[in-house]
Number of protein chains: 2
Amino acid sequence: MPRTAETSESIDRATARFFKVLGDPTRIRIISLLTTGPKNVSEIVEQIGLSQARISTHLACLRWCEFVQAKKIGRQVEYSLNDPSIEHLLALAKQLSSVREQHLASCTRIGPDWI
Amino acid sequence: MPRTAETSESIDRATARFFKVLGDPTRIRIISLLTTGPKNVSEIVEQIGLSQARISTHLACLRWCEFVQAKKIGRQVEYSLNDPSIEHLLALAKQLSSVREQHLASCTRIGPDWI
DNA sequence: TCATTATATATGGAAAACCGGATATATCCT
DNA sequence: AGGATATATCCGGTTTTCCATATATAATGA
């Protein structure tokens with residue numbers, strides 16, 4: 001069954017949201033950290049160095065979009081990646097973006113302040 | 001030479017910006033369209049159905065971040081993808097996000113309106 | 001039970017991104 | 001040169017995202 005224009009548009013919207021979730025430095029750092037194995041919230045907070053509240057909302061975002069899984073152990077919650085494909089995707093993206101690292105770093109905002 | 005925490009942080013920032021550029025439905029649609037071959041601006045405008053001005057700024061964004069190349073031919077400008085890896089990345093992301101399409105569609109904003 | 005620890009959520013404000021509409025620039029044609 | 005066409009950029013306003021701070025919930029231990 002061929003896809004209609006509407007369904008491909010709908011997938012594009014989903015894909016854009018998917019990417020938007022990945023489009024935040026803190027969330028990338030969290031995902032990168034989790035590629036080294038499961039971590040509980042305190043460990044993540046310690047590694048990243050932001051407030052627990054901030055980390056927790058970023059984790060909620062990643063959890064909602066199913067990038068990560070949460071497992072409650074006593075009073076801690078252990079987070080882990082829930083799909084190995086994410087690691088592939090991230091590795092590929094890191095490779096592509098590290099080539100352009102300086103260039104991308106010089107772009108502090110999306111919009112007509114390029115140049 | 002091992003990477004220090006700062007340089008990995010810098011790559012993470014670059015990667016996040018890389019993803020942020022991909023985190024817009026219109027830009028995803030443009031890139032998807034360009035996977036079928038080079039197109040000039042008028043063709044892109046026609047296919048996507050947004051104003052020429054809007055398409056043009058999205059193209060500027062993609063061009064700046066080197067997702068696409070622009071080639072001036074007479075008074076038209078022909079755009080094309082400038083790295084086949086982008087296609088792989090997009091295909092992988094589309095696959096991952098189409099699995100969660102309904103779920104991602106139900107998320108209209110990033111932030112505490114999940115649940 | 002009460003205090004403590006670990007994590008999650010709510011709220012208000014600042015910054016960033018997106019859009020529509022107007023305008024500028026560059027090329028072609030007569 | 002002057003008009004038409006193709007594309008790019010600017011501007012003001014609205015929406016979205018991010019953050020800091022405060023507070024809520026849940027589990028543990030005294």
Side-chain angles (χ1 to χ4, degrees), chain A residues 12-13 16-30 34 38-65 68-80 104 106-115, chain B residues 12-13 16-30 34 38-65 68-80 104 106-115:
Chain A
D12 286 341
R13 258 197 306 276
R17 178 146 304 277
F18 179 90
F19 279 131
K20 193 168 267 185
V21 170
L22 294 174
D24 176 272
T26 304
R27 290 194 288 268
I28 292 293
R29 295 232 283 153
I30 292 173
L34 292 181
K39 302 268 178 296
N40 65 37
V41 178
S42 306
E43 292 170 324
I44 297 172
V45 167
E46 183 185 16
Q47 285 289 314
I48 308 240
L50 289 183
S51 76
Q52 178 268 319
R54 207 87 281 290
I55 296 292
S56 215
T57 56
H58 280 304
L59 285 170
C61 173
L62 292 170
R63 182 169 16 108
W64 199 94
C65 290
V68 303
Q69 270 180 335
K71 182 177 166 192
K72 192 155 194 173
I73 301 175
R75 62 183 138 175
Q76 5 236 48
V77 177
E78 184 190 78
Y79 281 88
S80 56
L104 288 166
S106 73
C107 176
T108 57
R109 38 170 66 223
I110 288 180
D113 294 358
W114 300 297
I115 293 183
Chain B
D12 286 341
R13 260 197 304 276
R17 179 147 301 278
F18 179 91
F19 279 132
K20 191 168 269 186
V21 170
L22 295 174
D24 177 271
T26 303
R27 289 194 290 269
I28 291 292
R29 294 233 283 152
I30 292 173
L34 292 181
K39 303 269 177 295
N40 66 38
V41 177
S42 306
E43 293 170 325
I44 298 172
V45 167
E46 183 184 14
Q47 285 289 314
I48 309 242
L50 289 184
S51 75
Q52 178 269 317
R54 208 86 285 288
I55 295 292
S56 215
T57 56
H58 280 303
L59 286 170
C61 174
L62 292 170
R63 182 169 16 109
W64 200 94
C65 289
V68 303
Q69 272 181 334
K71 181 176 165 192
K72 192 155 194 171
I73 301 175
R75 59 183 139 173
Q76 4 235 48
V77 178
E78 184 189 79
Y79 282 88
S80 56
L104 287 166
S106 73
C107 176
T108 56
R109 38 170 66 221
I110 289 181
D113 293 356
W114 298 299
I115 290 182

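Lettering of chains follows the sequences in order, A, B, ..., and the numbering in each one begins at 1.
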What is the distance from atom CZ of B:R17 to atom OG of A:S106, rounded to the nearest 0.5 Å? 9.5 Å
Set of residues satisfying side-chain contact (heavy atoms from CB on, under 4.5 Å) with respect to A:R63, sequence neighbours excluded: A:A60, A:V68, A:A70, A:Y79
Mind calculating the distance between CG (B:L59) and C1' (D:dT9) to the nearest angstrom? 13 Å
Identify, with sequence neighbours excluded, every residue that meets side-chain contact (heavy atoms from CB on, under 4.5 Å) alongside B:S80. B:P38, B:Q69
Is B:R29 reaching over with its side chain to a backbone N or O of A:D12, donor-acceptor style, under 3.5 angstrom? no
Starting at atom CD1 of B:I28, determine the distance to atom P of C:dC18, rounded to an integer number of angstrom. 12 Å
Taking atom P of D:dT16 as reference, at what distance in whole Å does atom NZ of B:K20 sit? 15 Å
Counting primed atoms plus P, OP1 and OP2 as sugar-phosphate and everything else as base, spell out the protein contacts along nucleotides 19-24 of chain C at 4.0 Å heavy-atom distance: B, S or - for each nucleotide, 5' to 3'. BBBB--
Interface with DNA chain C, restricted to residues 72-80 of chain A and to heavy atoms under 4.0 Å: A:R75, A:Q76, A:V77, A:Y79
From CD of B:E46 over to P of D:dT7, roughly how many Å is that when rounded to an integer? 12 Å
Round to a whole Å and report the spacing from CD1 of A:I48 to C1' of C:dT7. 16 Å
Taking only distance into account, with no hydrogens and no angle test, what donor-acceptor pairs under 3.5 Å do side-chain atoms of residues 20-28 of chain B form with protein atoms, sequence neighbours excluded?
residue	atom	partner	partner atom	Å
B:D24	OD1	B:T26	N	2.9
B:D24	OD1	B:R27	N	3.2
B:R27	NE	B:V21	O	2.6
B:R27	NH1	B:H58	ND1	3.2
B:R27	NH2	B:V21	O	3.4

Base, sugar-phosphate alone, or nothing: which one does A:S56 contact when heavy atoms must sit under 4.0 Å apart? base
Send over the distance from B:L62 CG to D:dT7 P, rounded to a whole Å. 16 Å
Between C:dT9 atom C1' and A:R63 atom CZ, what is the distance in whole Å? 10 Å
Distance, nearest 0.5 Å, that separates SG of A:C65 from CZ of A:F18: 9.0 Å
Could you state the atom-to-atom distance from CG of A:N40 to C1' of D:dT28 in whole Å? 15 Å
Side-chain donor-acceptor distances from residues 42-51 of chain A under 3.5 Å, at least two apart:
residue	atom	partner	partner atom	Å
A:E43	OE1	A:N40	N	2.9
A:S51	OG	A:R54	N	3.1

